[in-house]
Number of protein chains: 2
Amino acid sequence: MRADALKNHEKILEVAAQVFSERGLDAPIDDIATRAGVGAGTLYRHFPTRDDLIDAVVKSWMNQVDATADDVVASDLPPREALLSWFDAYVTRISRNKGGPAKITGAMGNADSPIYTKCETLRAANERVLGSLRERGELRSDIDSLEVCRLVGAVAVVADQGGLPPESVRSMLNVVIDGLLNSPS
Amino acid sequence: MRADALKNHEKILEVAAQVFSERGLDAPIDDIATRAGVGAGTLYRHFPTRDDLIDAVVKSWMNQVDATADDVVASDLPPREALLSWFDAYVTRISRNKGGPAKITGAMGNADSPIYTKCETLRAANERVLGSLRERGELRSDIDSLEVCRLVGAVAVVADQGGLPPESVRSMLNVVIDGLLNSPS
DNA sequence: GCACGAAACGGAGGAAGTCTCCGTATACTG
DNA sequence: CAGTATACGGAGACTTCCTCCGTTTCGTGC
């Protein structure tokens with residue numbers, strides 16, 4: 001890759017992260033180009049679709065997801081608290097930018113999406129948490145990690161779109177958690 | 001209202017229902033105007049915002065919601081089956097047009113939305129079903145009908161956006177239902 | 001009937017956003 | 001330092017939204 005191309009690539013990424021966090025994932029592409037000091041053509045050459053750009057931006061903060069999942073697995077919290085803590089982190093993570101939950105949850109399980117690998121990271125992390133509960137027989141067996149991602153992602157979508165407060169999220173998550181656990185309260 | 005205005009109003013409504021079901025609630029407004037044989041200005045005079053138009057279109061099939069809720073309440077089904085039957089109908093109803101779940105669930109609880117009254121109809125119907133279970137002590141008490149609407153609506157949103165099959169919806173609904181009911185399975 | 005004012009129409013066009021095309025400029029290679 | 005592959009940039013085509021205002025139509029009173 002040519003030196004100027006590399007420089008632009010990085011500049012675009014840096015500006016995109018900034019703009020996405022200010023105005024959401026639907027922010028005008030041309031604005032990002034302008035603020036990065038490049039032409040629209042240049043931006044589109046580097047990132048042909050909006051999703052390609054989102055994928056690149058999201059990449060950096062997706063690593064922490066694995067760490068969070070491992071923490072929860074290692075934590076010895078009771079099932080209910082473990083799930084709440086994990087789902088809460090999950091929702092927070094994908095809700096970092098407005099429009100993020102819909103984007104990510106919509107691509108969940110769709111191998112053609114440019115952001116599929118990110119979804120897979122999330123799904124795998126979720127599988128690890130669920131797996132540790134399943135081993136102990138705490139979890140219902142008729143639902144897989146993909147569907148749990150969709151369900152928790154769904155909560156994040158409505159919270160994001162409706163501007164709901166954390167309490168609402170938590171009370172919806174509590175219902176989901178009770179639905180996932182085997183035993184009585 | 002003048003006779004020509006009335007005629008146009010009805011024609012627009014008829015065409016909008018058609019176009020929305022073909023192409024989803026995001027279909028271009030100008031297309032609807034063209035296909036209704038009126039100018040864009042005319043359409044916008046009758047329905048200043050897209051939501052006003054959606055509200056008018058949705059009005060007709062919102063009545064059946066009350067009937068469905070009453071059927072479920074009267075049916076004497078066991079709690080689990082009653083809720084599944086009701087939620088399934090709920091999801092089906094709001095998913096009639098692509099984009100419908102997001103629109104409706106996003107407006108849920110937001111009194112400023114032009115489609116608020118429709119949301120209230122749904123919420124009230126949901127409250128009736130939940131109330132009949134609550135009376136019998138079957139339901140957890142720390143969640144209200146609005147949040148249940150959001151939760152079930154959330155399932156519909158991801159199913160709509162991801163093109164999920166009815167089985168996926170049903171298995172997510174089952175989790176929600178188990179989370180809402182008090183007793184063990 | 002007919003004329004007149006109010007009501008309604010319609011589509012041109014501005015604004016915002018997406019994305020492409022291609023003439024121009026720049027970086028690397030030998 | 002010349003030549004070529006690579007990359008740049010922004011004009012502009014296209015789409016959709018929505019408004020503005022000159023023109024048309026309706027319905028009423030005479």
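Basis for what follows: all heavy atoms, side chains included, without hydrogens, waters or symmetry-related copies. Quick note on labels: first sequence line is chain A, next is B, and so on, each numbered from 1. The structure presented is a predicted model; accordingly, all values stated were derived computationally and were not measured.
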To the nearest Å, give me how far apart NE2 (His46(A)) and P (dA7(D)) are. 8 Å
For atom CG of Asn8(B) and atom P of dT24(D), their distance in whole Å: 17 Å
Residues that Asp52(A) engages under salt bridge (Lys or Arg N to Asp or Glu O under 4.0 Å), provided they are two or more places apart: none
Okay, side chain of Arg50(A), backbone of Asp26(A): is any donor-acceptor separation there less than 3.5 Å? yes
Starting from P on dG9(D), measure out to CG on Asp30(A) and report it in whole angstrom. 14 Å
Below 4.0 angstrom from OP1 or OP2 of dG27(D), is there any side-chain N or O of Arg2(B)? no
Report the residues that fulfil side chain to side chain contact (heavy atoms under 4.5 Å, CB included) with Arg45(A), sequence neighbours left out, ordered by chain and then residue number. Thr42(A)
Would you say dA7(D) has OP1 or OP2 under 4.0 Å from some side-chain N or O of Thr42(A)? no
Side-chain contact test, heavy atoms from C-beta onward, threshold under 4.5 Å: evaluate it for Ile104(B) versus Cys119(B) and give yes or no. yes
Atom-to-atom span, CE of Met1(A) to C1' of dA5(D) - whole angstrom: 15 Å
Name of the residue among Leu83(A), Asp144(A), Ile143(A) meeting side chain to side chain contact (heavy atoms under 4.5 Å, CB included) with Leu130(A): Leu83(A)
Along DNA chain C, first and last positions that approach a heavy atom of chain B under 4.0 Å: dA6(C) to dG11(C)
Between P of dC17(D) and CG of Leu53(B), the distance in whole Å: 11 Å
What is the separation between atom CZ on Arg50(B) and atom C1' on dT16(D), rounded to the nearest whole Å? 9 Å
